[in-house]
Amino acid sequence: MNVDRYQLYVLLSGFANTEVRQQICAQLPSLQGQRENLEQNWEQITQLAREIASSSDRVNLQTEADVLRDTCKHPFSGAAQTINADISPDSFDCSIIAQETDIKKVYWWFWRFYPEILATTQRDFLLTPAHPILPDCPEPSYRSTIAALLGAMYPPGKDLNQPEHPYLLIFTFSPVQEIIKASRKFLDFWSGSYLLHYLSAKLCWYIACKYSPDAVITPSLWSQEIIDALMVKEFDNDNSTIFRDTFQQYSRDNCDPVKRFQEQKSTSLVTAGFPNVITALVPGKQAAIDLGKKLKCQLKKEWSNIATKVREDIKAKVQDAVENNGDLWETILEEFPHAHPSPYVEELQKLHQGGCWEWNQLWDAQIKNTWQCYWSAIPLGNPEIDLSISLTDNPDNYQEWKENQNQIALPRFNQTIPTVVEETAYSLVNIGTWWGSLQARLGQSIQAVKNTRTWKIPAAPGERSTISGQFSAVHPSLHYHETFKEGGGLPESSMRLFWQVMAIVYPGLFNGSEKLNALELTKRMAWEYGGVAESLGIDLTGEENDPVPSEEEDLEQENNRKNSSEIDYEKLIRFPNLSSIAAAKFAYEHPGIVRQYWTNLNRLMNSKQPNSQEKIFDPQLRRKFRSKTRRDFQVPKTDREIPGYNGVMFSSKWLADDLSLNQSESNNNLQKLREIVNQAHKDCGFNNGSPADWWVIVLADGDSMGKYVSGSKMEKYSEYLVLDAIENTTKNSANFEELLNTKKRMGPATHVGLNRALLDFSNRLVPYLTEKRFCGRVVYSGGDDVMAVLPLADLPEFLLSLRAAWCGGKDPQNEFTSKGGYWHPNSQLEGLPSRPHFTMGEGATMSMGIVIAHKSVPLPTVLENLWEAEKERAKKLAGKDGLCFRVIYGGGNTLEALMKGDLLDSWWNFLQNYSQVDFSPLLYRLAEELPRHAAITESDCLLSRATEVILSRREQTLSDTTKEALLDWVNCWEAWAYQTQHKLGKDALGTQEKDLAYLLRFSAFWVDKMMQFHEWSSE
């Protein structure tokens, strides 16, 4: 049986009436000769798959005749909204794919574009429910679930009368945090996050090509930018550009994914979002075993291919530099001021000899041990029995059938599946009823596998990585063989020489002082030199940086400048540096000051030495300075306001790093640079700091997502059922009222619909809020996980917006209207389709770790604090929904403040008035005195009373509005703290008086920094 044609027919049948479906099929050569058979048999062949996708409830509840599907319900809260019910098109133009004979390619085209094309003409199309009675699952998700089940039940060669028993496979790989944390600068940080995303996407792509795109349950592949790019790369060729043309014809910006990226209309293609956990529906036990093993091999193959390309590129470019750059030793001589040149020149010559490159075994040992892979699989119910049963036809066998299913699903918390009420109400029961429990069982099984893991870390001879301290720093002559594994190394000067060469061969990528292991090298170089960008169809030629010329350059210098342009890696990956993130908000609000600052700094860079006609810096360094400071921030909102400037100009530390200056320079360029940056600060009034001193990173994670997937968070049937759509016989049955009071279950199609719908939050709302509404950048956004970087000034309002978008609350800036658990744009917003966007609905919460770091704090320290703040502090607050703020000062001191998410709105109500008067001294005083003069009470409001007394003793006064807002927030905090202590005890996390003091101290810190910004702009 060729299941592809039936999967296509299922897809078409959901959105078109019989006449239109036949009209479409008549245009497709891949269906010719099969149309009559498909039309006659598709309903019978797909019946079981449709029933399982629907789960038992939808199968049994009968619908009144001619019921419109004009109501949709939120899958968790049950909130309702009325939609346009007319979804069946009068016709559909598929001429662009009509001549394609490959049924696989045709299916992929309809899977990706058919729903989206219809949605361009019908705003509510993607919300149209599959069932009018239980309208919580959209039609496209339901059809995708049926297709996935068909593929798992009828693999090639399978008899129609004996379907295969589907299995659920879960695959994951690690480490995650260690890969990301091994970062010295933002380039490494982005690379680690993106590589994890890229490798996961390539594994999902492998599954999709082997079975179908529907086979991947988590994450959803539909409308994922990286999958779209892989589709274009795979299916288009010199003779056919069907997929690229369709994207350009129907997308809102008339771009395919690569064109959208290259024209800088979106950063989605370079934003991580795929998780390191994948679930798929596969045909049978052996297929699950084979796929689990194959995915492990595929991961290591993809990673090894990237690493090998990087290694070979390094070898080729270094050898070329030694052969063709006769001044190579002269270029790096300053790093070895007291050394005799002969040994080093001789060693450089060795680098040109292929036989002297002995690092392959060391490189392979490190790359081979990068990933730990785990997989597990369980059957979709008991594989020895049928997937469904009729209670009417087989009443005697039903109990045994049910017990067999429960032995596989192992329902938690003593659940009864199905309940007695459900058994009374249903005449047919299928395995879809156990879907939520099976997902929970799948999660338990992979955790059990991970608990048996063993680690194998290769020996690390010689000098270790200067970034992570793990594994040996690589060197061509570091031979990793037999006895050399346990300590055979090479002189430190030889290692230093090689990495100086690397800084010359890859200008802008290495600074000469750092030494990396193979994993870190591969991570940093993968996008361009490891073939990652190329695999997505991105052409990186012509992306060289074009630095701004100085006024005194003559024609020859101008030509030399252009010929020696180095690659701008920030432009390649469209990701900012730390200083640009920190200064983005200030630059957006005060572009004139930023331009003046650069003018001052450039003048100082071109100034002459005292009592001399020679300039402080040589022409090459001055050109490099201009190339680094006159490029975009890579922060979309800021770049629209002030293009062609970069925040690195504000930091002597990171500017020196970009200019490859270090302490060993004999001409002391590093000290000179620090002096002129400090002078430029003073000239622009940046006293006691600069706009790039502080930056923020936020890690947000949806609370209790496992409970949503298992169905524990679902409401009773009464919240979901459309009673008017149910026939009277069913409503008048004896147990119908009891069924209404029964908690609804998570079914297959609802789960698939959730995974698709979450893309609205992660791929659309989060990027819009972070990069269009605020001056931030998304690092990772997938499902319920978000990691973003942003300037300090944007922090409070960003947190408010993100929380509102997650739960469908009121939008703080009123660009969206919340209705039915969806956010509806009030106007056309940049980069967003004009349709409702899914949120998790009322009651959904997120816990967040927020680190505010000084620019001098090492990135690994920031990331370690971030994960700890989110997992060990914010998630540990009573009921979760926590916020953990951590300020890490330049000296290493840390301020931590915990807040319940519910208090964020009232906190901002008083804090937003900071521009009226600097009340940070008042907040510092409150933080000092309040814990000594008041205690938490049930209803006496002692903390707010003490606050009022302390405020009255100060000469500086607050406005009545600010004062009342502050007192209200203190009262809210005290009420929460008392209730939590009453429930969990006096030591409950975040509930002591000192915790309020920490929050006040953090508030004072934020206000103080905002007043500093205000002073700079005023001056």
Side-chain angles (χ1 to χ4, degrees), residues 51-61 73-78 130-131 134 136-138 141-142 144-146 148-149 152 166-170 217-220 277 279-281 376-382 387-388 402-423 425-426 429-447 702-717 719-721 739 741-758 783-784 840-841 843-844:
E51 289 177 353
I52 295 172
S54 299
S55 198
S56 302
D57 41 24
R58 295 184 183 87
V59 171
N60 288 278
L61 297 172
K73 295 288 189 83
H74 191 273
F76 294 114
S77 68
H131 300 82
L134 271 173
D136 65 331
C137 173
S141 301
Y142 172 61
S144 181
T145 310
I146 299 172
L149 287 163
Y167 268 65
L168 284 164
L169 171 79
I170 186 169
I217 304 299
T218 305
S220 173
V277 180
T279 59
L281 198 59
S376 180
I378 62 171
L380 192 64
N382 192 305
L387 292 165
S388 68
K402 181 178 76 170
E403 290 172 5
N404 284 328
Q405 305 296 8
N406 281 319
Q407 288 174 4
I408 299 296
L410 296 179
R412 304 172 69 184
F413 312 117
N414 298 318
Q415 293 183 69
T416 301
I417 302 180
T419 63
V420 174
V421 174
E422 288 173 304
E423 290 174 336
Y426 301 161
V429 177
N430 65 61
I431 195 59
T433 299
W434 280 265
W435 183 267
S437 294
L438 288 168
Q439 293 299 316
R441 175 75 190 282
L442 196 62
Q444 294 168 359
S445 68
I446 195 64
Q447 189 58 51
D703 293 325
S704 305
M705 285 303 293
K707 292 184 177 180
Y708 283 99
V709 174
S710 69
S712 301
K713 284 279 189 177
M714 304 199 94
E715 302 293 333
K716 297 177 180 179
Y717 273 105
E719 299 296 324
Y720 302 98
L721 290 171
L739 181 64
N741 291 317
T742 300
K743 180 176 284 192
K744 184 184 176 299
R745 303 196 183 281
M746 172 64 76
T750 305
H751 184 206
V752 170
L754 167 65
N755 292 334
R756 277 201 182 191
L758 273 174
D784 64 312
M840 286 297 290

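- Under a cut-off of 6.0 angstrom, the local environment of NZ in K743 is crowded, with over 12 non-hydrogen atoms contributed by other residues, nucleotides or ligands.
- Remark: Y167 OH to S376 OG distance equals 11.0 Å, nearest 0.5 Å.
- Scored by the salt bridge (Lys or Arg N to Asp or Glu O under 4.0 Å) test, D784 finds no partners at all (sequence neighbours excluded).
- L438 is listed as a side-chain neighbour of I378, based on a closest heavy-atom distance under 4.5 Å.
- Side-chain contact between V429 and P418: present, with at least one pair of heavy atoms (C-beta onward) separated by less than 4.5 Å.
- In this structure, N430 has no side chain to side chain donor-acceptor pair (under 3.5 Å) partners at least two apart in sequence or on a different chain.
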**Message:** Evaluate W435 against L380 for side-chain contact (heavy atoms from CB on, under 4.5 Å), listing each step before the verdict.
**Reply:** CA-CA 8 Å; W435 183 267; L380 192 64; 3.7 Å; yes
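- By the 4.5 Å heavy-atom criterion applied to side chains, L754 and M840 are counted as neighbours.
- Put simply, the residue from T145, L281, I146 that forms a side-chain contact (heavy atoms from CB on, under 4.5 Å) with V752 is T145.
- For the pair S437/L410, no side-chain contact is recorded, criterion being any heavy-atom separation below 4.5 Å from C-beta on.
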**Asked** Run the salt bridge (charged side-chain N to carboxylate O under 4.0 Å, His left out) check on E719 and K744 step by step: do they pass?
**Response** CA-CA 9 Å; E719 299 296 324; K744 184 184 176 299; over 6 Å; no
**Prompt:** When you look at H751 and I217, which way does the side-chain contact (heavy atoms from CB on, under 4.5 Å) test go after all the steps?
**Reply:** CA-CA 8 Å; H751 184 206; I217 304 299; 4.0 Å; yes
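- Look at R58 and E51 and you find no salt bridge, because none of the NZ, NE, NH1 or NH2 atoms lies under 4.0 Å from a carboxylate O.
- For the atom pair CD1 of I417 and NZ of K402, the computed distance is 10.0 Å after rounding to the nearest 0.5 Å.
- Atom NE2 of H74 sits about 11.0 Å away from atom CD of E715, to the nearest 0.5 Å.
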**Derivation of the side-chain contact (heavy atoms from CB on, under 4.5 Å) call for M746 and Q439** = CA-CA 10 Å; M746 172 64 76; Q439 293 299 316; over 6 Å; no
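- Counted by atom type alone, T419 and T742 present zero donor-acceptor pairs between their side chains at under 3.5 Å.
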**Criterion side-chain contact (heavy atoms from CB on, under 4.5 Å) on Y717 and N741, from CA distance to verdict** = CA-CA 6 Å; Y717 273 105; N741 291 317; over 6 Å; no
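- Interatomic distance, L61 CG to Y426 OH, rounded to the nearest 0.5 Å: 6.0 Å.
- The only option from S144, P138, C137 that meets the side-chain contact (heavy atoms from CB on, under 4.5 Å) definition with R756 turns out to be S144.
- The OH atom of Y708 sits 10.5 Å away from the CG atom of L758 when rounded to the nearest 0.5 Å.
- Using a distance-only test at 3.5 Å, with no hydrogens or angles considered, no donor-acceptor pair links the side chain of D136 to the main chain of Y720.
- Taking 4.5 Å as the limit, some side-chain heavy atom of S704 sits within range of a side-chain heavy atom of K713.
- In summary, the aromatic rings of Y142 and H131 are positioned with their centroids under 6.0 Å apart.
- Contact between L442 and T279 at its shortest, heavy atoms only, is CD2-CG2, 4.0 Å.
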